[in-house]
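Down below is the structure, laid out as structure tokens.
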Amino acid sequence: MVQLNIAFLDEEEAYLEQLKGYLVRKKEVFFKIRTFTRAEAFEKSCGKETYDAVVMTAFFWEAVNGTSGRAKCIFLCEDTDQSVPADCLYVRKYQPAEKLMCQISAMLWQQEPEEAGYFPQNTAELIGIYSPVHHEDQMLFGMTMAQILGETGKVLYVNLMGHSGFYGMTKADADADVGDLFYEMMQGGHDFATGLHKIRQSYRNFDYIPPVANPEHLSEVSKPLYETFLAELKNCSGYDTVLVDFGTVFLGFAEMLPLFHTFYCIGKEGIQNRCRTEEFLEYLNREGEHTAKRMTRLLLPGELPAARESSPLDSSLYGGLGDFIRGCLYGGAEIGG
């Protein structure tokens with residue numbers, strides 16, 4: 001997995017401790033950071049460490065800039081009115097740590113032509129989820145699985161549903177969502193990993209791309225764009241596992257199943273629901289028997305207990321749904337195994 005080694009240079013020791021504490025609480029594994037309050041200590045470490053980036057305040061910019069090897073130098077602005085050195089990368093110091101690290105990672109995933117291969121590619125394990133009966137707990141199932149897999153690896157959750165209820169469940173908001181990422185991909189010369197890590201956010205111990213706020217944006221995504229999107233998630237995202245929650249079948253859906261390590265078809269009891277599921281699997285059979293065999297049919301546990309916490313995920317994680325994922329799926333489908 002891609003792991004970026006970053007040095008932070010700042011005379012404010014309390015700020016550096018808070019930043020390290022945030023990464024520990026988040027169980028962040030994308031970044032390995034070292035912090036320095038003295039230029040001499042940093043210069044001494046350069047003989048032993050190779051840094052991907054050096055993030056530094058103005059004092060250190062003048063003292064050590066140019067001695068950090070191939071690392072990208074990023075100016076850490078301490079004031080909104082502070083002048084920034086010409087033609088340099090920069091971030092604002094006093095902002096939420098999550099936004100700060102997303103901005104830095106976006107800069108680092110942006111590769112210059114001569115840096116091809118500088119950051120190693122990591123092939124993620126794609127897990128797909130779809131319910132032809134539109135099971136009301138499909139998203140809860142996907143998010144619970146992401147939370148469980150996030151205990152031991154780096155997980156990205158991608159919700160491709162319209163009006164899924166994600167924002168209400170997580171109490172989150174977003175300035176940009178997966179619709180914006182699709183739009184950027186339509187533009188020439190777009191770097192996928194940079195765009196993804198610019199907008200990704202975190203919920204508990206997994207990351208996610210914010211779902212569309214306007215469901216109409218998903219209807220504008222073409223078959224080639226979906227194919228590119230899924231291939232890039234697999235090959236260029238830098239995650240161990242990417243869970244993709246599908247809200248509907250789109251043009252070319254069946255052709256893209258080979259990209260997935262595992263794909264779950266969530267059904268539901270009842271004659272009409274069974275007919276819907278059988279029709280969906282028959283559609284896949286017409287694409288080829290090997291396509292239908294990629295689907296793992298699931299019936300979720302019976303009626304789930306009512307949520308007592310602020311989020312249903314609190315109840316599902318260590319209840320019937322969480323136990324079902326840990327006990328049945330880990331052994332049967334070898335998820336994360």
Side-chain angles (χ1 to χ4, degrees), residues 1-39 42 45 49 51-65 68 71-85 87-111 118-119 150 154-157 170-178 180-181 184 191-210 237-239:
M1 182 180 65
V2 177
Q3 188 177 51
L4 304 175
N5 194 14
I6 304 177
F8 278 85
L9 283 62
D10 190 338
E11 291 182 291
E12 188 180 348
E13 187 172 356
Y15 174 80
L16 296 178
E17 289 300 318
Q18 290 175 358
L19 186 61
K20 288 193 293 186
Y22 159 77
L23 295 174
V24 169
R25 290 193 304 274
K26 187 176 178 291
K27 299 180 181 178
E28 178 62 72
V29 294
F30 263 138
F31 308 107
K32 181 175 68 174
I33 73 168
R34 292 198 61 189
T35 58
F36 302 90
T37 55
R38 294 184 301 108
F42 168 72
S45 77
E49 294 271 358
Y51 296 105
D52 297 303
V54 180
V55 184
M56 50 190 147
T57 58
F59 171 80
F60 291 98
W61 189 270
E62 298 176 0
V64 305
N65 192 18
S68 52
K72 288 190 175 181
C73 295
I74 301 174
F75 188 77
L76 187 61
C77 297
E78 299 179 86
D79 193 295
T80 55
D81 298 325
Q82 185 177 16
S83 60
V84 177
D87 301 322
C88 82
L89 301 171
Y90 71 94
V91 291
R92 300 292 179 187
K93 176 177 176 179
Y94 297 111
Q95 61 174 316
E98 180 174 330
K99 290 187 176 180
L100 175 72
M101 299 309 294
C102 282
Q103 290 169 6
I104 292 172
S105 64
M107 294 174 185
L108 292 180
W109 256 274
Q110 179 65 60
Q111 299 180 22
Y118 179 32
F119 296 121
K154 192 67 178 176
V155 175
L156 178 69
Y157 174 75
T170 61
K171 310 302 180 186
D173 55 21
D175 297 324
D177 59 41
V178 69
D180 297 290
L181 181 57
E184 288 189 12
D191 184 276
F192 177 82
T194 301
L196 185 158
H197 288 278
K198 188 184 300 181
I199 68 171
R200 70 175 172 90
Q201 297 191 35
S202 298
Y203 182 77
R204 306 199 174 184
N205 60 354
F206 64 87
D207 291 347
Y208 67 90
I209 303 177
S237 65
Y239 287 86

Next on the checklist: For a side-chain contact (heavy atoms from CB on, under 4.5 Å) check, start with the C-alpha distance between D10 and T35, then their side-chain angles and the critical distance, and finish with the verdict.
Outcome noted: CA-CA 8 Å; D10 190 338; T35 58; over 6 Å; no
Item to check | Y15 OH: over 12 foreign heavy atoms closer than 6.0 Å | outcome: yes
Checklist entry - Counting only heavy atoms not in E13, do more than 12 fall under 6.0 Å of its CD? => result no
Rounded at 0.5 Å granularity, tell me how far [atom1] in [X] sits from [atom2] in [Y].
X    : Y    : atom1 : atom2 : answer
M56  : E11  : CE    : CD    : 13.5 Å
S237 : F192 : OG    : CZ    : 7.0 Å
Y208 : D177 : OH    : CG    : 11.0 Å
H197 : D191 : NE2   : CG    : 9.5 Å
L100 : L19  : CG    : CG    : 6.5 Å
I104 : L89  : CD1   : CG    : 10.5 Å

Check [X] against [Y] and note the closest heavy-atom contact, atom names and distance.
X   : Y   : value
F60 : R38 : CE2-C, 3.7 Å
A58 : F75 : CA-CE1, 3.6 Å
A63 : A39 : CB-CB, 4.3 Å

Item to check | Residue pair I33, N5: steps toward the side-chain contact (heavy atoms from CB on, under 4.5 Å) verdict | outcome: CA-CA 6 Å; I33 73 168; N5 194 14; over 6 Å; no
Item to check | Note: R92-E78 ion pair, threshold 4.0 Å (strictly below) | outcome: no
Checklist entry - Does the side-chain contact (heavy atoms from CB on, under 4.5 Å) test come out yes or no for L196 and Y239, once each step is laid out? => result CA-CA 12 Å; L196 185 158; Y239 287 86; 4.2 Å; yes
Checklist entry - Hey, are the side chains of L9 and V54 touching, using non-hydrogen atoms and a 4.5 Å cut-off? => result yes
Next on the checklist: Just so I know, are the side chains of C88 and W61 near enough to count as touching, which here means a heavy-atom distance under 4.5 Å?
Outcome noted: yes
Item to check | Y51 and S45: CA distance, side-chain angles, deciding distance, side chain to side chain donor-acceptor pair (under 3.5 Å) verdict | outcome: CA-CA 10 Å; Y51 296 105; S45 77; 3.0 Å; yes
Checklist entry - Hey, would you say the F36 and F42 ring centroids sit under 6.0 Å apart? => result yes
Next on the checklist: Treating D207 as the side-chain partner and R200 as the backbone partner, does any N or O pair qualify as donor plus acceptor under 3.5 Å?
Outcome noted: no
Next on the checklist: Looking at Q201 and D173, would you say the former's side chain and the latter's main chain have a donor-acceptor pair under 3.5 Å?
Outcome noted: yes
Next on the checklist: Applying side-chain contact (heavy atoms from CB on, under 4.5 Å) to D180 and I199, what does each step give before you reach the verdict?
Outcome noted: CA-CA 9 Å; D180 297 290; I199 68 171; 5.7 Å; no
